[in-house]
Each structure stands twice: as C-alpha cells, then as structure tokens.
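Residue numbers begin at 1 in each chain, while the letters A, B, ... track the order of the sequences.
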Amino acid sequence: MIPNAYRSLHCNAVRPEHIGQTVTLCGWVNSARDHGGVIFIDLRDREGLTQVVFRPEENADIAAQSHELRDEDVVQITGRVEKRLEGTENTKLGTGAVEIVATVLKVLNKSDVLPFHLDREMSNEDLRMKYRYLDLRRERMNRNIRTRHKITTAARNYLDATGFIEVETPILSNPTPEGARDFLVPARLSPGKFFALPQAPQQYKQLLMVAGLERYFQIARCFRDEDLRADRQPEFTQIDIEASFIEQNDIIALVEGLLASMFKAGQGVDIPASFQRITYQHAMDVYGSDKPDTRYGLEIVDMADVFANSGFKIFRTILEGGGVVRAINAKGFAGITTGQMIRLNELAIQAGMKVKQLAFIKVERNAEGVLEYKSPLWKFFGEDEQKALIAKLGVEENDIVFFYAGTWDEACNILGKVRLEIASMQKLTEGSTALNFLWVVDFPLLAYSPEDQSWVAVHHPFTRPKAEDVPLLDAGEYGKVRAEAYDVVLNGYELGGGSIRIHESELQAKMFSVLGVTPEEQELKFSHILEAFKFGAPPHGGLALGLDRIAMLVSGEESIREVIAFPKNNKACDLMTDSPTNVDFKSLRELYVQSTWKDKKKEEAAAAPPPAA
RNA sequence: GGAGCGGUAGCUCAAUUGGUUAGAGCGCCAGCCUGUCACGUUGGAGGUUGCGGGUUCAAGUCCCGUCCGUUCCGCCA
C-alpha cells in the first residue's frame with residue numbers, strides 16, 4: 001500500500017517493528033468491546049484486522065468518543081503502536097502481537113445496523129443479493145474476488161509471455177443462427193434491425209487469424225439467454241484463445257501450461273504438466289458423460305461377452321438387436337435405502353429408461369454367514385454367467401450392481417446419471433482435494449437432432465472434421481465423422497473446449513450445406529467469413545476456457561455466483577438493482593419496439609365478464 | 001415448461017399427534033463493567049409464521065392456489 005493523507009499502513013501490516021511509531025489506519029469497525037473503562041476496537045480493512053485500544057487515562061475525550069462506535073462505522077485512527085501486554089497477544093491475528101493506542105479518532109461515516117452478520121454464513125440468498133455490496137465485505141467473498149483477480153492476471157501474463165495479443169471484439173454483433181438463444185439489442189439508427197450480444201467471439205477471432213495476428217486472446221464477456229444453473233449465468237467470462245499454424249497438440253500443451261499458471265497463482269498448487277486424454281467414445285462408454293468426474297471409479301462395464309448367449313432372454317434379445325447391456329458395480333453400497341433406490345429409479349426414468357426399475361444384484365451375507373445374491377434376475381443366469389459376471393465386475397460382499405439394457409445412447413445417458421447420483425449418495429468426493437484434469441478428444445462432428453430433423457454441429461459449424469474422416473463426410477455417413485475438437489475437463493466440470501477450424505471456403509460451405517444452411521442463408525449470414533477464407537486464411541484453431549468455473553473450482557466453491565461480483569439469480573434478475581426493468585413508452589418508440597407482454601392477472605380481468613351493475 | 005427442497009423475530013434456527021401467551025442463540029436498545037478479542041453481565045424492545053383461500057371447536061403444523069429463493073431435468077452450437 002502506498003501511504004497517503006488518509007493512512008500510513010494497512011490494517012494487516014502493523015507489526016512489532018512498528019512499535020513506538022505513530023501510524024494512521026482507516027477501515028471499518030469490525031467489533032467493539034466496551035469494558036466501561038478501556039475499549040477495544042477491531043479495525044478492519046480489506047487486508048485484515050488491527051486491535052485499537054482506547055484508554056480513558058490516556059485521552060479521556062477520545063475514549064468517551066469511542067463509546068459511540070458501532071459495527072461497520074468507517075473511521076480513521078491515528079495512534080502509537082505498542083506491544084500488547086504480556087499474555088494478551090492474539091495468535092489468531094497477524095497483527096496480534098501489537099495494538100494501536102489511539103490518539104486521534106475521526107469518524108468518516110457512521111453505519112446503520114447491517115441487515116445480516118458479516119462473520120457468519122448466510123442461507124438467505126435474496127438478502128445476500130439485495131445487499132451484495134455488504135455480502136462482498138465478508139472475508140470469504142473478498143477472498144474469492146481476489147482469487148479471481150489473481151488467476152485472471154496469471155492467465156494474461158502467461159498468454160502475453162507466449163506471444164498472444166489481447167484484442168477486444170464487438171459486444172454489439174449479429175445473432176447466431178444456431179446454438180443458444182441470443183440477447184437482442186434494438187438498433188435505433190437502423191430501424192427495425194437488431195444487434196445480438198455475442199455468445200462467444202467465435203467468428204471475430206477466426207477473422208483475426210485471417211488478419212494475420214497469429215496469436216489472439218481475450219478475457220471476453222459472453223452472453224446466452226438460456227436458463228441458469230449453479231455453474232451457468234446469462235453473462236459469463238471466457239478466456240478466448242485462437243492461434244494460427246497450430247494443431248491440436250499445440251493447443252493442448254498451451255492450455256495445460258495456462259491452467260498450471262492459473263492454479264499456481266490461485267491455489268498455490270502444482271498440477272500435472274500434462275493431462276490424461278480420453279476419446280469421446282471412451283468417455284461415454286465408461287462414464288456415460290463427455291465431462292467425466294474421474295475422482296471415483298463406478299465405471300460402466302460392458303457386459304456383452306457375459307450375456308451374449310444368456311438364458312436370460314431379455315438381455316440376449318437386446319444384444320442380438322444391436323443394443324448393449326451395461327452395469328455399474330457400486331462398491332459397498334448394498335446398504336442403499338429404499339428412498340435412495342426410488343430416487344435412482346426416478347432419475348433413470350427421467351433419463352429415458354424404458355422399464356420401471358433398474359435391474360440390480362445386491363450382495364449381502366445372511367444370518368448363517370452365507371453370501372446371498374439378492375436380485376430379481378439372478379435366478380435367470382446360468383452358473384457360468386454368474387461366475388463371469390462376478391469376475392468381470394469384481395463383485396464382493398456389500399456391493400450392489402445396477403444394469404441397463406437398451407440402446408447405446410440410453411445406456412450412456414442413464415448409467416451416466418446413475419453413476420453421478422450414486423457417487424453423490426455415497427459422498428465419494430466429500431473432502432476431496434483431488435484435481436482430475438483430463439482432455440476429451442475425438443468428438444463427433446455432427447449429431448442428428450430428431451427435434452429439428454436435421455444434422456447439427458456438436459461443437460460449432462466452424463469445427464474441422466478429422467482429415468481421415470472427410471471421406472465419410474463425402475459419403476454422407478455424418479454420424480461417423482470425428483472432429484478436430486477437444487474439451488478440457490476438471491472433476492466433472494467442462495472447463496473449456498475448442499477445435500481446429502475449417503480455413504477453406506469450400507469445406508466451410510460444404511459444412512453449412514450438411515447443416516442445412518441454404519446457399520442463400522450462407523450468403524446472407526456468413527458471406528463475410530466465407531469470403532475471408534478466400535483471401536489466404538491460415539490454418540488455425542483455438543479454445544475458450546470458462547473463467548468463472550475455473551475461479552469457482554480454485555476457490556472451492558460450488559456455484560459460480562460465489563466468484564462473480566454481481567451475479568444474476570435463478571430468474572436472471574439482479575435483486576440489488578432490480579434489473580431488468582420496465583422502460584417507458586417513449587424509449588421503446590425511439591427504438592421502434594413494442595412489447596407484446598401482457599400481465600396474466602390483467603389479462604384474466606379483461607377476459608372476465610364485467611360485474612353486474 | 002417440469003420435478004425436488006426451503007420460506008417462522010434483523011440474522012441462524014426450534015416448535016411433539018393440529019392444542020396454553022410461537023421459543024432459543026446471535027444482533028439491536030438501555031444500564032453496569034479498565035485487558036478484551038465471538039468480552040462479560042442485568043434488563044428491554046422486537047412476530048400479519050411469504051401471500052390468499054379452505055378444512056377444523058382449534059392451523060406455523062393438514063388441503064388448494066400463488067409468490068419468492070435454491071437445486072436438478074428440459075434447454076445451454
């Protein structure tokens with residue numbers, strides 16, 4: 001801290017070396033302990049606490065004044081640094097060996113009683129958000145915001161040191177045809193037209209590659225008008241990266257180094273120099289998720305070989321029909337409660353399970369000490385099958401095995417969700433400090449959307465198909481084409497994703513065609529990028545990291561709201577400023593905009609017959 | 001759009017099977033207290049049990065509706 005007219009030291013900077021010196025501190029009254037005679041004040045600023053003591057015999061006026069101090073008053077205190085009396089040192093404070101004997105007390109601003117305690121955790125989220133500026137005064141929030149600053153700074157420094165140039169791209173840009181819902185902004189000077197806030201600076205950063213910048217980054221605010229979650233806000237921040245003349249391995253190495261610098265800065269930990277890589281196919285097969293949490297096992301096991309010739313007709317028929325039979329062995333979870341069982345089945349049904357309950361085998365020892373395989377289907381298995389099953393899944397006493405038989409998609413989705421829920425029920429990650437980074441690679445390029453009855457881009461339409469899979473694309477085998485796309489995952493959270501892009505105009509046009517974007521639409525919406533690719537676009541690729549999620553995980557939080565200064569609530573509202581808000585007719589008229597929204601109650605009242613006279 | 005959980009004093013929570021005047025801790029206000037650090041101590045104030053309706057002799061508690069918060073599903077290239 002640079003001393004100025006207000007203060008000479010921070011409240012956490014007073015040390016025995018200052019004994020005898022006169023110092024001036026500013027801050028908030030953290031607590032006042034009034035002993036009738038002597039009074040102690042803990043003075044707090046953002047760095048910490050210092051105890052200030054007022055003694056009537058030293059300065060009667062100031063001591064009398066100090067009786068009036070209340071929590072959160074803002075004060076300036078000048079005083080002499082003294083060694084604390086023998087036996088009254090406070091080892092909990094960095095400044096606990098000393099105290100300030102006040103000689104001057106200036107109340108800079110009185111405070112009303114706060115609506116909540118700053119030194120205790122709150123459960124009332126509305127109140128926290130309404131008084132977010134007070135919530136942020138709390139030590140935990142202060143630490144989170146500063147941690148975020150540290151990792152952001154580390155990222156900037158790392159990228160700068162590796163030759164990346166920070167460029168700001170427009171916030172007012174164009175709507176995107178696919179993907180998330182856009183936030184729209186009426187364009188007053190182009191009546192009837194609209195900007196959209198960017199979901200990501202995707203096209204701009206690719207155009208910066210065409211511009212020859214070679215290495216670009218941006219700490220970019222992005223906007224998506226979709227429903228919120230603990231890890232999703234309508235506006236969020238990405239560390240957006242793009243580079244030319246690079247391939248997947250280069251991006252992966254770069255991001256591993258970048259994340260290492262961020263975790264070092266934020267948490268002081270050294271993470272592995274390189275992360276495990278698994279294919280999308282493997283991730284889905286084994287974890288039923290493209291962002292697997294590998295801090296625990298509970299792996300999904302394919303049981304095709306065990307049941308290929310099973311006497312249990314249902315499994316055999318499904319296998320013969322091209323389906324899969326898969327199982328999860330929940331070690332030591334035979335004590336599952338009825339309620340938990342119901343919950344798992346509900347979850348599985350919601351995820352698309354076609355039957356009413358998950359098949360299971362529960363292994364427990366009975367009163368006679370004999371291992372029992374409690375299961376609705378155990379009796380249908382032959383002895384060989386039973387043995388093979390036990391061996392394959394490593395089944396032991398107190399385990400419970402869950403089965404799903406059906407299509408590959410169903411099995412992945414259902415068992416993936418069951419896996420997460422069991423881990424949560426078994427509290428497998430409680431207290432864990434593990435940081436399981438991994439890359440998921442070889443994503444499919446396209447997925448069929450039954451809803452739209454068309455193929456859609458799994459990543460985005462600028463993603464490059466793998467060179468060896470281009471023939472599949474030409475042959476119309478769209479579902480088999482893999483992309484040069486990669487996601488980085490930590491403990492079940494997608495931290496970021498990216499791809500090598502298409503840089504040739506023809507391939508990009510072909511991709512649009514596959515996605516059902518007509519030549520007319522291509523001309524209308526993407527002519528700039530298709531044209532740009534004709535003027536010597538270099539091979540390029542990149543990635544974007546979710547800064548909020550990284551900050552959340554570094555801070556050990558479970559919601560990104562805890563690392564965003566002024567987040568939105570579940571309904572995307574800010575309770576502090578009460579935004580969004582109504583605007584008056586005149587403002588709308590200037591924009592040539594009219595709302596069609598009708599209040600439900602008013603509508604009903606209008607529809608109701610008039611009261612009898 | 002759907003499901004779960006929650007809403008009781010300023011805050012954090014309690015209140016048995018539906019049954020007395022809805023309690024506690026912290027905070028607040030006032031008094032006492034010269035070495036505390038979550039100071040102590042004495043006293044006091046503070047409640048439309050989110051809101052509306054219903055069942056009942058009786059509702060914080062049961063039922064219906066609604067609002068708010070939160071988590072998840074859908075959604076999020």
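Here the P atom of nucleotide U70(B) and the CD1 atom of Ile560(A) are 13 Å apart, to the nearest Å. Atom CE in Met122(A) sits roughly 13 Å away from atom C1' in G27(B) (whole-Å rounding). For Glu57(A) and G35(B), the CD to P distance is 11 Å, given to the nearest whole Å. Spacing between atom NZ of Lys568(A) and atom P of G69(B) amounts to 14 Å, rounded to whole angstrom units. If you measure from atom NZ of Lys130(A) to atom P of C11(B), you get 10 Å, rounded to the nearest angstrom. Between Asp227(A) atom CG and C73(B) atom P the separation is 12 Å, expressed in whole Å. Here the C1' atom of nucleotide A9(B) and the CZ atom of Phe116(A) are 17 Å apart, to the nearest Å.
Within the structure, a side-chain polar atom (N or O) of Lys92(A) is placed less than 4.0 Å from OP1 or OP2 of A38(B). Contact check, Asn569(A) against G69(B): a side-chain N or O comes under 4.0 Å of OP1 or OP2. OP1 or OP2 of U36(B) has not a single side-chain nitrogen or oxygen of Arg33(A) nearer than 4.0 Å. The side chain of Ser123(A) contributes no N or O atom lying less than 4.0 Å from OP1 or OP2 of G6(B). At G69(B), one or more side-chain N or O atoms of Lys571(A) fall inside 4.0 Å of OP1 or OP2 (strictly under the cut-off). The phosphate of G74(B) has OP1 or OP2 within less than 4.0 Å of a side-chain N or O from Lys417(A). The shortest distance between the side-chain N/O atoms of Arg561(A) and the OP1/OP2 oxygens of U71(B) is below 4.0 Å.
Applying the 3.5 Å distance criterion, the base of G35(B) shares a donor-acceptor pair with the side chain of Glu99(A). For Arg232(A) against C75(B), a side-chain N or O and a base N or O form a donor-acceptor pair under 3.5 Å. On a pure distance criterion of 3.5 Å, no polar donor-acceptor pair joins the side chain of Asn124(A) and the base of G69(B). Scanning atom types as modelled, one donor and one acceptor separated by under 3.5 angstrom connect the side chain of His117(A) and the base of C26(B).
For Asp487(A) and Tyr280(A), the side-chain atoms include no donor-acceptor pair closer than 3.5 Å.
Pair assignment for C32(B) gives G40(B), based on Watson-Crick or G-U wobble hydrogen-bonding distances that are each under 3.5 Å. Under the Watson-Crick or G-U wobble criterion, with both distances below 3.5 Å, C5(B) is paired with G69(B).
Backbone-only contact: Leu127(A) has heavy atoms under 4.0 Å from sugar-phosphate atoms and none from a base. Among the atoms of the strands shown, none is found under 4.0 Å from any heavy atom of Thr463(A). Within 4.0 Å of Glu89(A), counting heavy atoms only, lies at least one base atom of the nucleic acid. Residue Arg181(A) is out of contact with every strand shown, counting any heavy-atom pair closer than 4.0 Å. If you check every strand for non-hydrogen atoms under 4.0 Å, Ala351(A) touches nothing. If you check every strand for non-hydrogen atoms under 4.0 Å, Asp119(A) touches nothing.
If you take atom C1' in G35(B) and the same atom in A30(B), they sit 24 Å apart, rounded to whole Å. Distance check on atom C1': G10(B) versus C5(B) gives 25 Å, rounded to whole Å. To the nearest whole angstrom, the two P atoms, one in G46(B) and one in U41(B), are 24 Å apart. Rounded to the nearest Å, the gap between the C1' atom of U20(B) and that of U12(B) is 27 Å. With both ends at atom P, the span from G53(B) to U61(B) equals 14 Å, rounded to whole Å. The gap from the P atom of G25(B) to that of G44(B) amounts to 13 Å, rounded to the nearest Å. Spacing of P atoms, C72(B) relative to C57(B), comes out at 45 Å, to the nearest Å. Only the C1' atoms considered, G4(B) is 15 Å distant from G74(B), to the nearest whole Å.
Comparing C72(B), G69(B), G35(B) by their closest approach to the side chain of Asp126(A) singles out G69(B). With U34(B), C37(B), C75(B) as the candidates, the nucleotide lying closest to the side chain of Arg84(A) is C37(B). With C11(B), C37(B), U71(B) as the choices, the nucleotide that has an atom nearest any side-chain atom of Gln51(A) turns out to be C37(B). Taking the side chain of Arg120(A) as heavy atoms from C-beta on, and the options C26(B), G35(B), U70(B), the nearest nucleotide is C26(B). With U36(B), C11(B), A30(B) as the candidates, the nucleotide lying closest to the side chain of Arg70(A) is A30(B).
Ion pairing between a basic and an acidic side chain is recognised when a charged N comes within 4.0 Å of a carboxylate O; Arg464(A) and Glu504(A) show such pairing. Taking a cutoff of 4.0 Å between a charged side-chain nitrogen and a carboxylate oxygen, Arg55(A) and Glu58(A) qualify as a salt bridge. In this structure, Asp227(A) does not pair ionically with Arg232(A), as no charged nitrogen and carboxylate oxygen lie closer than 4.0 Å. Contact check on Arg561(A) versus Glu125(A) returns no salt bridge, with no Lys/Arg side-chain nitrogen under 4.0 Å from an Asp/Glu carboxylate oxygen. Ionic pairing of Lys568(A) and Glu235(A) is present here: one or more N-O contacts between side-chain nitrogen and carboxylate oxygen are shorter than 4.0 angstrom.
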Enumerate donor-acceptor pairs with a distance under 3.5 Å from any side-chain N or O in residues 60-67 of chain A to protein atoms, sequence neighbours excluded.
from     : atom 1 : to       : atom 2 : distance (Å)
Ser66(A) : OG     : Ala63(A) : O      : 2.6
His67(A) : ND1    : Asp34(A) : OD1    : 3.4
His67(A) : ND1    : Asp34(A) : OD2    : 2.8

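Residues Glu226(A) and Ala230(A) each lie close to RNA chain B; by heavy-atom proximity, the contact nearer the 5' end of the strand is made by Ala230(A). Where Glu121(A) and Asp42(A) each meet RNA chain B at their nearest nucleotide, the meeting point lying more 5' is that of Glu121(A).
Screening His460(A), Gln508(A), Glu484(A), His540(A) against Arg501(A) for a side chain to side chain donor-acceptor pair (under 3.5 Å) leaves a single residue, His460(A).
Note on ring orientation: taking the six-membered ring where Trp is involved, the planes of Phe526(A) and Phe512(A) are parallel (angle under 30°, cut-offs 30° and 60°).
Both geometric conditions, a ring-centre gap below 5.5 Å and a plane tilt below 30°, are fulfilled for Phe40(A) over the base of U36(B).
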